[in-house]
Amino acid sequence: MRLIGRLFLFVLGLSLAIPTGAVLLTLGALFEPTARGLATTIASAGLFNLLQALAEGLENADPQALRLSGLLGSLLAGLLVLPPAFAAATGEIVGLRALAWYGGATGLFTALVPWLARTRIGGSSGAALAAEGRITAMLFLVGAGSGFIYWLVAGHSAGRRASDPTAPRPPGS
């Protein structure tokens, strides 16, 4: 029965943490100039055209815009879903209850996603490192906020229940 309760809290915690991350990412993108410029570039690269083509029918959609939307969806899943799910699953399996784990690990995993993707795509110039640092800090805060919400819902009660020290002990223990 406890397993069903933990599974319910796991799903509930993630179902609240992921939208929280989305809201925080949106706010961060509005207030961080580099992220705002990136969002503008993505939008001008055909996202609005893709949405219009999808409204008219999928056969009218530009293949390049479809690839862009797939890439954007993968990026958002990598930023908003995978880090809190990984931190939550690890915390539940190990039985961690610390806010530092759920907030810190989720923030760290979220901040690492673009850096890991960049190693696959290729490096960038030194001039871009300052902007990348600000975006990394923003993503850390997005992940930390998401992890905090998970901890509020489910993380603070993860793991095994502590035994009551005042309860009578069975003979021989």
Side-chain angles (χ1 to χ4, degrees), residues 1-43 45-48 50-51 54-55 58 61 65-121 131-160:
M1 191 61 144
R2 177 157 167 76
L3 178 64
I4 293 171
R6 290 304 319 156
L7 185 61
F8 174 75
L9 285 177
F10 178 80
V11 171
L12 179 64
L14 284 178
S15 67
L16 294 173
I18 293 168
T20 299
V23 168
L24 293 174
L25 183 63
T26 302
L27 289 174
L30 288 174
F31 292 111
E32 164 51 39
T34 305
R36 189 173 48 238
L38 180 62
T40 304
T41 302
I42 289 172
L47 190 58
F48 294 121
L50 171 69
L51 293 175
L54 288 175
L58 191 56
L66 285 174
R67 282 190 296 258
L68 176 66
S69 67
L71 180 64
L72 184 61
S74 297
L75 176 67
L76 288 176
L79 288 174
L80 299 174
V81 177
L82 295 179
F86 182 72
T90 303
E92 290 290 338
I93 291 169
V94 177
L96 299 171
R97 293 181 180 197
L99 171 61
W101 167 255
Y102 291 101
T106 305
L108 180 67
F109 297 151
T110 305
L112 282 177
V113 167
W115 291 89
L116 295 174
R118 187 175 72 163
T119 60
R120 189 170 172 210
I121 296 170
E132 288 178 358
R134 289 192 313 269
I135 289 178
T136 299
M138 179 192 72
L139 290 176
F140 178 82
L141 293 174
V142 166
S146 180
F148 175 71
I149 295 299
Y150 181 84
W151 175 81
L152 280 176
V153 174
H156 69 279
S157 63
R160 301 181 191 270

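Checked against side-chain hydrogen bond (donor to acceptor under 3.5 Å, both in side chains), Y102 has no partners two or more places apart in sequence or in another chain. In terms of the side chain to side chain contact (heavy atoms under 4.5 Å, CB included) criterion, residue partners of L112 (sequence neighbours excluded) are, by chain and number, L108, L116. In terms of the ring-ring contact (aromatic ring centres under 6.0 Å, His included) criterion, residue partners of F86 (sequence neighbours excluded) are, by chain and number, F109. Residues meeting the side chain to side chain contact (heavy atoms under 4.5 Å, CB included) test with L152, sequence neighbours left out: F148, I149. With sequence neighbours excluded, the residues that form a side chain to side chain contact (heavy atoms under 4.5 Å, CB included) with F10 are L14, A88, A89, E92, Y150.
Smallest separation of non-hydrogen atoms from P83 and G78: CD-O, 3.0 Å. In plain terms, the two heavy atoms of L9 and A154 that are nearest each other are O-CB, 3.4 Å.
In this structure, the side chain of W151 does not engage the main chain of W101 through any donor-acceptor pair within 3.5 Å. Side chain of S15 to backbone of L12: a donor-acceptor contact under 3.5 angstrom is found.
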Cut-off 3.5 Å, no hydrogens considered: what does the side-chain donor-acceptor table look like for residues 16-30, sequence neighbours left out?
unit_1	atom_1	unit_2	atom_2	d
T20	OG1	L16	O	2.7
T26	OG1	A22	O	2.8

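Summarising the geometry, atom CG belonging to L79 is positioned 5.5 Å from atom CG belonging to L139; distances are rounded to the nearest 0.5 Å. The OG1 atom of T110 sits 7.5 Å away from atom CG of L80, with the distance rounded to the nearest 0.5 Å.
Within the structure, salt bridge (charged side-chain N to carboxylate O under 4.0 Å, His left out) contacts touching residues 7-32 (residues at least two apart or in different chains) are E32-R134.
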